[in-house]
Structure formats: structure tokens, C-alpha cells
Amino acid sequence: MTIVWTVVGIAIFFFGLLLSIAWHELGHFTTARWFGIKVPEFMVGFGRTLWSVRRGETEYGIKMIPLGGYVRMIGMLPPAKGGTLGRSRRTGPFQGLMDDARRQSQADVLPEDADRQFWTRSPWKRIVVMFAGPFMNLVLAVALFFVTFMGVGMVAPTTQIAALEECVLPAVAVQGQAPEKCPAGAPLAPALAAGVQPDDRIVEVGGQQFGPDDGMAVQDAIRASSGPTPIIVERGDRRIPLTVDVIPNTLPDRNSSDPQATVTAGYLGVLLNTSYQPLTAGETVAQIGDGVARTAEAVVAIPARIPALFGAAFLGEERGQDSPMGVVGVSRIGGEILAQQDVPWQQDVALFLNMLAAVNLSLFLLNLLPVPPLDGGQIVPAIWEAIKRNTAKLLGRPDPGPVDAAKLLPVAYVFVIVFLGFSVMVAIADIVNPVRLFG
């Protein structure tokens with residue numbers, strides 16, 4: 001049964017990736033049509049076409065290699081300055097590449113479509129068309145985060161006690177579980193010494209009252225306390241007042257991003273139950289902000305992680321959970337999530353949605369890099385063209401004309417070669433040494 005759920009999880013997440021790609025391309029397609037640009041193709045994937053259908057002037061289809069997608073707009077590149085579209089190819093390697101690209105860009109431009117070319121649109125319209133794709137990924141990521149945090153919720157402590165620690169130990173050494181055996185001579189934990197029992201619900205600490213889902217507030221109140229402290233626990237249908245001797249102890253620092261950071265605070269010796277609790281809109285926005293920041297850091301850190309990725313792919317070295325993953329890797333993680341047993345359904349759904357949201361955030365940020373063939377590689381020339389034209393207009397100079405994005409093609413070819421090599425290495429690592437979330 002585990003194998004079946006693994007396959008189902010892989011299939012569901014893979015389908016989610018395809019939908020994310022199609023959603024991205026829909027942004028380009030819709031805005032291009034708004035501005036009257038002709039779009040002959042809308043494809044998900046690359047390589048040989050597996051299925052397609054023509055509706056109007058556009059062919060929609062799915063291709064064999066699911067590593068991206070594209071919409072083909074006519075006239076993506078302007079003609080060379082002072083040249084004609086049908087001239088002979090120059091012999092210089094870079095110049096030849098530019099001529100071939102311009103010729104390909106104009107190959108399906110019919111005479112009646114001359115005014116429907118991408119390059120003929122004003123710079124701000126081209127910026128909107130190219131930004132619309134990444135923006136759609138951002139919208140989808142935000143929507144998925146809202147569903148996760150406000151619908152499913154996040155794991156948070158309740159005020160019901162799951163277990164008691166028997167003796168006083170630094171909480172960082174306990175790692176969320178009561179010790180099986182106390183060292184000789186270790187003093188009793190304050191809660192146990194005061195008569196607190198498992199399944200009790202803490203309803204008051206030092207005069208401050210708490211509801212069933214106020215576990216974080218209870219922990220904060222305990223950490224802020226010191227010495228003899230009155231508490232009230234609910235046991236069955238009775239409320240029992242107790243006095244506990246809260247002592248200082250070394251605890252994890254919840255306000256630090258470093259998981260190893262510690263702080264000295266009040267200690268009671270109780271482990272609280274947890275449940276999935278929905279966040280407010282404000283808390284959700286804060287979580288999304290943190291997610292965007294973490295994803296941006298991960299994107300920036302990709303070059304630094306390539307040596308470790310190489311070692312994991314070819315040298316059998318251990319692969320960290322922060323290692324870059326491709327389609328194979330993230331789809332396999334989807335299978336691993338569903339294959340878990342004896343976990344609440346909220347955990348599976350939250351992990352799935354968070355993973356898909358993170359993928360869409362990555363697509364948003366990566367596509368804005370100012371390198372062709374990424375969307376940013378068309379946005380930057382359009383911005384530069386707007387600056388040049390507006391400057392010339394202010395100075396009373398002739399219109400300098402469109403910026404020739406074809407001059408960036410040598411950079412594009414280098415980027416594609418590097419990206420393909422990186423993708424192959426990631427795919428090999430995902431197969432022979434995959435990232436594992438659950439051991």
C-alpha cells in the first residue's frame with residue numbers, strides 16, 4: 001500500500017508542476033492577446049509534441065520533456081538597425097547567431113500580421129507581457145499559502161499536557177521528548193514535583209488565563225516566570241490550583257533563526273499537545289513574507305551548493321535537505337509525503353501545498369533574472385529602451401529605435417548550456433541520491 005501511495009503522490013505533485021507551468025504561460029498568453037500580439041503556439045514542455053489542438057490562430061499542446069513551457073509570439077526580435085529581414089547570414093559566430101535568431105523570429109510573420117509583432121509594442125506593454133508569467137506564479141504561490149495557513153493551519157501547542165519531564169535537564173538536550181531515564185541525582189522537574197499530571201489542561205499561570213489553543217502564550221508565561229508561581233490546571237471537570245517552583249533552564253531560542261540558539265528562561269517540565277491551528281490574515285502575510293525571503297536566499301545560494309550537489313550525484317556524498325532539486329526530486333518528495341503512515345491529514349495537505357507554493361515562488365524569482373531566455377532577459381531590454389527613448393524625447397533628439405535584444409543571444413547560449421548541465425546533474429542526484437524529508 002505504501003508503494004501505491006508513493007506513486008499517487010508522485011503523480012499528483014507532477015500534475016501540480018505541469019499546472020504551475022501552464023499557469024505561468026497563461027499570463028504571457030493573456031496579456032499578449034490583450035495587446036494584439038499574435039500567439040501561434042501555447043505549449044507545456046519541450047521536445048516532440050505528444051498532444052495538441054488548434055483553436056483559432058493558436059495551437060495548444062503538451063510536449064515530451066516537462067521541464068518548462070512557452071508561448072510563441074511572432075516578432076520577438078526587431079530587425080537589425082539599417083538592415084532588412086531577409087539579408088544573408090554574416091560569418092561571425094555571434095553575428096551569425098543574431099541573424100539566425102532574427103530570421104527565425106520573422107519566419108511566420110505574414111504581411112497582414114506586421115503590426116501584431118511583439119517588438120512593435122511599446123516598452124511598457126512588452127514589460128507587462130513578460131512580467132505576467134512570473135507574476136502568475138507569485139499569485140498562485142500566495143493563494144496556496146493562504147489556503148495552507150488560513151485553511152489547514154500550522155502545528156502549534158495547545159494548553160493540554162501530553163507528557164511530563166521527570167527531572168531537570170536542559171530542554172535543548174530533550175529535543176521535544178521526555179527522557180526515558182533520568183541521570184542519578186537529577187532533581188525532579190517542577191511540574192512533576194508540584195503534582196501536575198499528563199492530560200491536565202493549563203488554564204491559568206500567575207493569574208493569566210488561557211484558552212484551549214493558547215499553548216504558545218502558556219509557554220511564554222512560563223518562560224517569563226521565576227520561583228513559586230500559582231497555576232490552575234483543569235483535570236476532568238475539576239479546576240485544581242497548584243503552586244510550582246519555576247526554575248531557570250537552558251531552552252531553545254524561539255526568536256532566533258538559528259536552530260542551535262539557546263536562551264535562559266523559566267522552566268516547568270511539561271510537554272504540550274499540538275494541533276493544527278488556522279492563522280489570521282496578518283499572520284499569514286507575515287509567513288508569506290518569510291517564505292519569499294527564504295526562497296530568495298535559496299535561489300542566491302544555488303551556485304554555492306553546486307560542489308555539494310556534484311559530490312552527492314557522483315561521489316556518493318551525503319545530500320542535505322537544502323540541496324537543489326528538479327522535477328524528479330520534488331515529484332518524489334510528493335510521493336514520500338503521501339506514503340507516510342499514522343500522520344494527520346493536515347500534515348500531508350500542508351506539506352503538499354507548501355512544496356507547490358515554494359516551487360512557484362522559485363519560478364517567480366528565477367524567471368526575473370535578467371538573462372535570456374528567461375523573462376527578465378526581455379524585461380531589461382524593454383526598460384532600457386524606455387529609458388533611451390524618453391531621454392531622447394526630453395533632449396529633443398531623434399528616436400533611437402528599439403533595443404536589439406538579439407545582442408544578448410551569446411549570453412543566452414552560455415546560460416542554456418550551463419543550465420542544461422546543471423539540470424542533468426540535479427536529475428542524476430535526484431535519482432541516485434534523492435533528498436529525503438523523513439529519513
Side-chain angles (χ1 to χ4, degrees), residues 149-150 152-183 185-284 286-287 290 344 346-347:
F149 295 135
M150 297 188 69
V152 179
M154 291 184 65
V155 175
T158 68
T159 55
Q160 186 177 42
I161 297 172
L164 297 173
E165 296 176 5
E166 295 184 8
C167 52
V168 178
L169 291 174
V172 291
V174 175
Q175 296 297 324
Q177 294 183 351
E180 295 181 1
K181 187 176 181 180
C182 288
L188 287 177
L192 185 63
V196 178
Q197 297 181 9
D199 293 329
D200 284 351
R201 188 171 76 82
I202 300 175
V203 296
E204 190 173 309
V205 175
Q208 184 179 355
Q209 297 182 351
F210 304 98
D213 294 331
D214 293 336
M216 290 289 287
V218 166
Q219 291 177 339
D220 290 338
I222 292 171
R223 288 183 172 218
S225 301
S226 179
T229 303
I231 69 169
I232 296 177
V233 298
E234 189 174 77
R235 187 176 299 163
D237 58 358
R238 296 183 301 152
R239 291 200 168 195
I240 303 173
L242 300 168
T243 299
V244 294
D245 186 17
V246 180
I247 63 174
N249 197 3
T250 303
L251 307 176
D253 186 356
R254 296 193 314 214
N255 296 321
S256 174
S257 58
D258 181 4
Q260 305 300 321
T262 62
V263 65
T264 300
Y267 168 78
L268 191 58
V270 296
L271 299 175
L272 300 178
N273 275 327
T274 59
S275 67
Y276 278 83
Q277 301 173 18
L279 302 187
T280 65
E283 291 170 335
T284 299
Q287 289 289 333
D290 290 342
Q346 295 98 325
Q347 180 172 319

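In this chain, residues are counted from 1 in sequence order.
In this structure, I202 CD1 and L268 CG are separated by 6.0 Å, a value rounded to the nearest 0.5 Å. L271 contributes atom CG, which lies 5.0 Å from atom CD of E165 (distance to the nearest 0.5 angstrom). Remark: F210 CZ to M216 CE distance equals 12.5 Å, nearest 0.5 Å.
Remark: of the listed residues L242, D200, I240, V203, V203 is the sole one forming a side chain to side chain contact (heavy atoms under 4.5 Å, CB included) with I232.
A 4.5 Å side-chain heavy-atom check between S226 and V246 finds every atom pair outside the cut-off. Residues M154 and Q346 are not in side-chain contact: their nearest non-hydrogen atoms beyond the backbone lie 4.5 Å or more apart. Contact annotation: the side chain of V218 never approaches that of P157 to less than 4.5 Å [non-hydrogen atoms, C-beta and beyond]. Within the 4.5 Å cutoff, the side chain of Q209 has no heavy atoms near those of the D214 side chain. The side-chain heavy atoms of V270 and L164, taken from C-beta on, include a pair separated by under 4.5 Å. Side-chain contact check for Q197 versus I161: every heavy-atom pair is 4.5 Å or farther apart.
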Y267 and I222: CA distance, side-chain angles, deciding distance, side-chain contact (heavy atoms from CB on, under 4.5 Å) verdict: CA-CA 7 Å; Y267 168 78; I222 292 171; over 6 Å; no
What's the verdict on side-chain contact (heavy atoms from CB on, under 4.5 Å) for E204 and E234, showing C-alpha distance, side-chain angles and the deciding distance? CA-CA 9 Å; E204 190 173 309; E234 189 174 77; over 6 Å; no
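Counting all heavy atoms, side chain and backbone alike, T158 lies closest to L272 at O-CD1, 3.3 Å. When all heavy atoms are compared, the tightest approach of P198 to A162 is CB-O, 4.2 Å. In this structure, P278 and M150 approach most closely via the heavy-atom pair CB-O, 3.5 Å. Summarising the geometry of P228 relative to D245, their closest heavy-atom pair is N-OD1, 3.6 Å, with the distance given to 0.1 Å. Residue S275 comes nearest to D213 through the heavy atom pair OG-OD1, 4.2 Å, listed as atom of the first residue, atom of the second, then distance. In plain terms, the two heavy atoms of Q208 and A221 that are nearest each other are OE1-CB, 4.0 Å.
Side-chain atoms of T159 come within 3.5 Å of backbone N or O of P212 as a donor-acceptor pair. The backbone N or O of P344 sits nowhere less than 3.5 Å from a side-chain atom of Q347 that would complete a donor-acceptor pair.
With sequence neighbours excluded, the residues that form a side-chain hydrogen bond (donor to acceptor under 3.5 Å, both in side chains) with N273 are Q160.
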